[in-house]
Amino acid sequence: MTPPPDSLIGTIETALREPHPGRITIDREPDYLHDEHTLWSWLTTTDHKRIGILYLLSITAFFIVGAFAAGLIRLSLVVPNGQIFSNDTYNKLFTIHGVVMIWFFLIPSIPATFGNFIMPIMIGAKDVAFPRLNRTSWYIFVSASLFTLFTVVAGGVDTGWTFYAPFSTTFSNTWVVPALIGVIVVGFSSILTGLNFIVTIHTMRAPGMTWFRMPIFVWTMYAVSLIFLLATPVITMALILLVMERVFHIGVFDPALGGDPVLFEHLFWFYSHPAVYIMVLPGMGVISEIVPVFSQKRLFGYRFVAYASIGLASLTFFVWGHHMFVNGESETSALVFSVLSFAVAVPSAVKVYNWTATIYKGTLRLDTPMLYAMGYIGLFVVGGLTGLFLATLAIDEHVHDTYFVVAHFHYIMVGGTALAFLGGLHYWWPKFTGRLYPEAWGRLSAFLIFIGFNATFAPQFVLGYLGMPRRYHNYPPEFQLLNILSSSGSLVLALGYVFPMVYLGWSLRYGAKAPPNPWNAKGLEWTTASPPPKHNFETPPTVDFPPYDYRRRETRV
Amino acid sequence: MSGKDVNPGDFPLALWPPSASTEAVQSDHLILGFTVLTLLLTVPIFLAIAWFAVHFRAGKDVHREYSDKRNRLLEVSWMLVPFLLTLIFFYWGAKLFDIHKHPPADALRIEAIGRQWMWKFQHPGGQAEINDLHVPSGEPVMINMISQDVIHSLYLPALRVQMETLPGRYTQLWFTANRTGTFRLYCSEYCGTDHSRMGGLLTIMSPADYAQWLRQSGTSISLASQGRALFSSYGCSGCHGAGSAVRAPSLAGLYGSPVPMLAGGTVVADSGYIHDKILDPDRNLIAGYKQVMPAFKGVIPEDRIVLLTAYIKSLSPAGQDTQPGQAGPERTP
Ligand code: HEM
Ligand SMILES: [Cu+2]
Ligand SMILES: [Cu+2]
């Protein structure tokens, strides 16, 4: 990202070095974007803000790759008999899509970008606790993910992102081992980020920033870091065992070698269910920031929402078995995992009620971030409730491994996390770049995404209940109509994604300059300049106010 | 799909899948009931959000006063009441699931073997079919399945059930169909290249038609008799047969009875036990014998294990009791 040469700050910076008569000179630290210009300065930076931007650029690139694969999948499913690609190509496509979207987009999306950029500012810190470790984790992330991307695109892997054994260890003839190594290595960047955030939140808070003065976004970053630290090692270990079995024929999962394939499912979901909360909690954090700002009202039930975040991060470790109701799990475990999954819905529901109560009697502005937040609430509720359907044993026996599941997790992950990501991107865009984005375009694409998303995924609930299994390249002709509907919806959705990439890029150069606090928001990140100076604050802040310090009781506006 | 001789028109697009058992109808009621509850819980919230968004827009002069007093009772009840209401559906779903987990002892037992990328079904009378499955209506049918290679899953949407088919371990699924007709049958667990072609048709027939179908289809040498032939061709009878020189346990009466283990305790000899014993006899050593039996892992495929097991079962009274499926004429040589 090269800075726009005509920007105010760019000028200031030059001015400071060699003052020109007639140009304004302000005696102020240059902002983080203009502190140094070279590519090298970006690649060697330890500034959490620059690292956040590096992550933002890399995950956007991965999102484009994953979305492209999704487009090809939807294209293929327009016809029932799989004429467009070979079966193997189709299987490789959904593997690329799943691996890239889950591991290289959704998991790092909000924590590594907004978490890196905004979280330290929110607690009044100068940087994260271990800035060089932070840079290392970005390097691990890009090198491992580029390597994996190369193996899944150039060689191809056909196991799906779930890597179930013994298919992945004994039967697949594709580049499974390199892909596994990539995913294993990428896990270390999550672990390092989690560690860094936990230490940062414990030790770097500004004077007066007590735990219950922290914005909810910081709470969710803390909760997510706990999951990163506790769950990621399990998947690392499970995937290493896959490599050992595939390369050295050490029997762990393949019964022909004396192993147990259900063991892999347990290990896999012990990580991958908490992983869905790695995706979902940060989304909730972003929405909990946006809703109070655009309602100009305090977040309702702040403490409840904070506890609910930690509650979710803990409960999520006890429900992995709901992915295995029909996979040879005992009836007793199925019952226990079912009822625990119902319990997980409670803290999620708390949040939805509290956002609604926050809006009530607020002073609402329906700007783009708020539109995304409202879309998020709707889609997340649908995703969560269909999750309860899946947690109902007799329903899961029918819709497990069908398009119903596909629809469910897309409502949560795309309708939820991806919408929260876009909402947060628009909300903090002025802070990141010092520019305002064009509001009308923002609203238009928020609408397009909402409509396109529902058109794409709502038909899949019906397909699933009708019995169309997932990962099917050839499907019975009676399902064609609904598949065409879904594929058409994805075109609208794609358009909705292209717009922001264009107008946000455009705004970097042509957007209006952003004031420090364009939204009239509370929170430390809005007390510093847009974009912030290198060390975040001109003078280190002290905190003597509660979070979301909007009007309390109000007379008429 | 193997339903080669099916025309698209034979399965019209419906908005609700056909159901072929009373449990399937109950599953439908369950999801419909749950949908109604969730609509009751969420529609008010969605409407409220939409209304607030319009009513409390900035710039509108509306009443925005509110009290900072919190109503704990209200807050706790709006969490607890919906949760308790959803638990009704947990219970209902668990009860149906429990039924699905307990096949009646007299169910007609069909063996299913999954492998990349086809299903093989074996009826007790020895009739085998590939990808398509014929079953009688009005009587319980239990499908006992195992995979030859990777994980598959047998999915019968018209009956609203599926069960993963694991390598190395038997799993079961059962139903009582209450109507005749032709429905789809799938593999629902991703298993490689032709996963999406690993399916066929489930044909539910009246008991008379089923008996007729059995008579007309190919072999009618029962599974047990086919197993007896294998028992000698694999050399099992050399050790386990009467008057053999090797000290090996007699298999008569084995099925369903407890076997004392070398390590202490007993294990009931079911299909899974016999399966493991044949493939990997070193795993559960039996008290009182010197283990000299060779491992047949990689030698005997799963569909033949099924035949051997059927034979061993036929040697014990317990096994005969659970073999009601002698629908086909038994032409024992
Ligand atoms: C109220 C909370 C939730 C409940 C009760 C729930 C329940 C379930 C259940 C029971 C399944 C298994 C379905 C099956 O395989 O047959 C499932 C699948 C899935 N869920 Fe959720 N879920 C919830 C929230 C989430 C969230 C927050 C996410 C992601 C951000 C998520 C992502 C997924 C994914 C990715 C799968 C499918 C995985 C696969 O088989 O590839 N779920 N969910
Ligand atoms: Cu889960
Ligand atoms: Cu399959």
Side-chain angles (χ1 to χ4, degrees), chain A residues 87-88 91 160 164 166-167 171-172 255 261 326-328 331 334-335 338-339 342 346 349-350 352-353 356 359-366 374 377-378 381 385 388-389 392-395 397-398 400-402 462 465-467 469 471-478 481 552-557, chain B residues 1 8 11-13 15 17 27 30-31 34 38 42 45-46 48-49 52-53 56-58 61 64-66 68 78-79 82-83 86-87 89-90 93-94 96-97 100-101 149-151 153 155 157 160-164 166-169 171 184 186 188-197 297:
Chain A
N87 284 355
D88 280 325
N91 296 345
Y164 271 18
F167 181 67
F171 291 87
S172 170
V326 295
N327 300 20
E331 194 183 342
L335 286 172
S338 173
V339 79
F342 272 73
V346 176
V350 168
V352 172
Y353 284 127
T356 313
I359 297 177
Y360 178 59
K361 297 207 168 178
T363 309
L364 262 79
R365 279 174 300 158
L366 299 182
M374 291 171 64
I377 297 176
V381 165
L385 288 170
L388 279 187
F389 286 21
T392 309
L393 293 167
I395 299 180
E397 276 190 288
H398 174 43
H400 176 73
D401 269 340
T402 67
V462 184
Y465 203 77
L466 289 174
R471 299 176 170 177
Y472 257 40
H473 185 217
N474 303 268
Y475 60 86
E478 64 265 27
L481 190 66
R552 291 180 139 242
R553 197 186 310 186
E554 174 103 21
T555 41
R556 283 157 190 267
V557 177
Chain B
M1 311 292 326
F11 290 95
L13 171 71
L15 285 179
S27 291
L30 173 60
I31 196 166
F34 209 167
T38 52
T42 52
I45 297 191
F46 290 163
I49 292 182
F52 296 163
F56 295 114
R57 253 197 350 265
D61 181 20
R64 287 196 171 85
E65 272 173 50
Y66 65 98
D68 271 337
W78 78 24
M79 277 159 27
F83 176 61
T86 58
L87 281 188
F89 291 88
F90 157 74
L96 257 176
F97 183 74
H100 289 161
K101 286 288 144 189
D149 39 47
V150 303
I151 303 177
S153 183
Y155 178 29
R160 311 285 187 272
V161 286
Q162 66 185 300
M163 186 68 211
E164 204 155 270
L166 298 166
R169 190 170 126 196
T171 52
R184 301 240 183 234
Y186 303 98
S188 59
E189 181 65 60
Y190 175 67
C191 57
T193 308
D194 281 343
H195 165 58
S196 63
R197 291 183 184 278
K297 186 180 279 176

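In what follows, chains are A, B, ... by sequence order, proteins preceding strands, each numbered from 1.
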Checklist entry - Quick one: are B/Val150 and B/Tyr190 in side-chain contact, heavy atoms under 4.5 Å? => result no

Checklist outcome for this item: Honestly, the part of A/Phe171 sitting under 4.5 Å from a heavy atom of chain B is side chain

Checklist outcome for this item: Given A/Val381, A/Leu466, A/Ile359, A/Asp88, the one with more heavy-atom pairs under 4.5 angstrom with chain B than any other is A/Leu466

Next on the checklist: Quick check for you: among B/Phe83, B/Phe52, B/Phe89, B/Phe46, which has the greatest number of heavy-atom pairs under 4.5 Å with chain A?
Outcome noted: B/Phe52

Checklist outcome for this item: Checked A/Leu335, A/Val350, A/Val352, A/Val339 vs chain B; the most non-hydrogen pairs under 4.5 Å come from A/Val339

Checklist entry - Any idea which heavy atoms bring B/Lys297 and A/Pro255 closest together, and the distance? => result NZ-O, 3.6 Å

Checklist outcome for this item: In terms of heavy-atom pairs under 4.5 Å with chain A, the winner among B/Thr38, B/Ile31, B/Ile49, B/Val161 is B/Ile31

Next on the checklist: Can you tell me which of B/Pro82, B/Gly168, B/Gly192 forms the most heavy-atom pairs within a distance under 4.5 Å of chain A?
Outcome noted: B/Gly192

Checklist entry - Any idea which of B/Ala48, B/Ser153, B/Gly93 has the most non-hydrogen atom pairs under 4.5 angstrom with chain A? => result B/Gly93

Checklist outcome for this item: Most heavy-atom pairs under 4.5 Å with chain A, out of B/Leu87, B/Leu30, B/Leu96, belong to B/Leu30

Item to check | Most chain B-contacting option - heavy-atom pairs closer than 4.5 Å, from A/Leu393, A/Ile377, A/Ile395 | outcome: A/Leu393

Next on the checklist: With a 4.5 angstrom heavy-atom cut-off, is it the side chain or the backbone of A/Val462 that approaches chain B, or both, or neither?
Outcome noted: side chain

Checklist outcome for this item: Most heavy-atom pairs under 4.5 Å with chain B, out of A/Ala334, A/Pro166, A/Ala349, belong to A/Pro166

Checklist entry - Given the options A/His473, A/Glu331, A/Met374, A/Arg365, which has more heavy-atom pairs under 4.5 Å with chain B than any of the others? => result A/Glu331

Checklist entry - Given that the side chain runs from C-beta out, which part of B/Phe34 has a heavy atom under 4.5 Å from chain A: side chain, backbone, both or neither? => result both

Checklist entry - Taking the six-membered ring for Trp, are the ring centroids of B/Tyr155 and A/His400 within less than 6.0 Å of each other? => result no

Item to check | Which atoms of B/Ser188 approach chain A - backbone, side chain, both or neither, heavy atom under 4.5 Å | outcome: both

Checklist entry - Which bit of A/Leu481 is near chain B, if near means a heavy-atom gap under 4.5 Å: side chain, backbone, both or neither? => result side chain

Checklist outcome for this item: Counting heavy-atom pairs under 4.5 angstrom with chain A, the leader among B/Thr86, B/Leu15, B/Thr171 is B/Thr86

Checklist entry - Between B/His195 and B/Tyr186, is any pair of side-chain heavy atoms under 4.5 Å apart? => result no

Checklist entry - For A/Ser338, is it the side chain, the backbone, both, or neither that has a heavy atom closer than 4.5 Å to a heavy atom of chain B? => result both

Next on the checklist: Is the shortest side-chain heavy-atom distance between A/Arg471 and B/Ser196 below 4.5 Å?
Outcome noted: no

Checklist entry - Which bit of B/Phe90 is near chain A, if near means a heavy-atom gap under 4.5 Å: side chain, backbone, both or neither? => result both

Next on the checklist: Less than 4.5 Å apart, side chain to side chain, heavy atoms only: is that true for B/Arg169 and A/Pro261?
Outcome noted: no

Next on the checklist: I want to check something: taking the side chain as every heavy atom from C-beta on, are A/Asn87 and B/Arg197 in contact at a cut-off of under 4.5 Å?
Outcome noted: yes

Item to check | Atom pair NZ/CD of B/Lys101 and A/Glu397 - distance to nearest 0.5 Å | outcome: 6.0 Å

Next on the checklist: When you compare the side chain of A/Leu385 with that of B/Thr42, does any pair of heavy atoms fall below 4.5 Å?
Outcome noted: yes

Checklist entry - For B/Leu166, is it the side chain, the backbone, both, or neither that has a heavy atom closer than 4.5 Å to a heavy atom of chain A? => result side chain

Next on the checklist: With a 4.5 Å cut-off on side-chain heavy atoms, are B/Cys191 and A/Phe167 touching?
Outcome noted: no

Checklist entry - Roughly how far apart are B/Phe56 CZ and A/Tyr360 OH, rounded to 0.5 Å? => result 5.5 Å

Item to check | Side chain to side chain, A/Tyr164 and A/Asn327, heavy atoms closer than 4.5 Å | outcome: yes

Item to check | Side chain / backbone / both / neither for A/Leu366 at chain B, heavy atoms under 4.5 Å | outcome: side chain

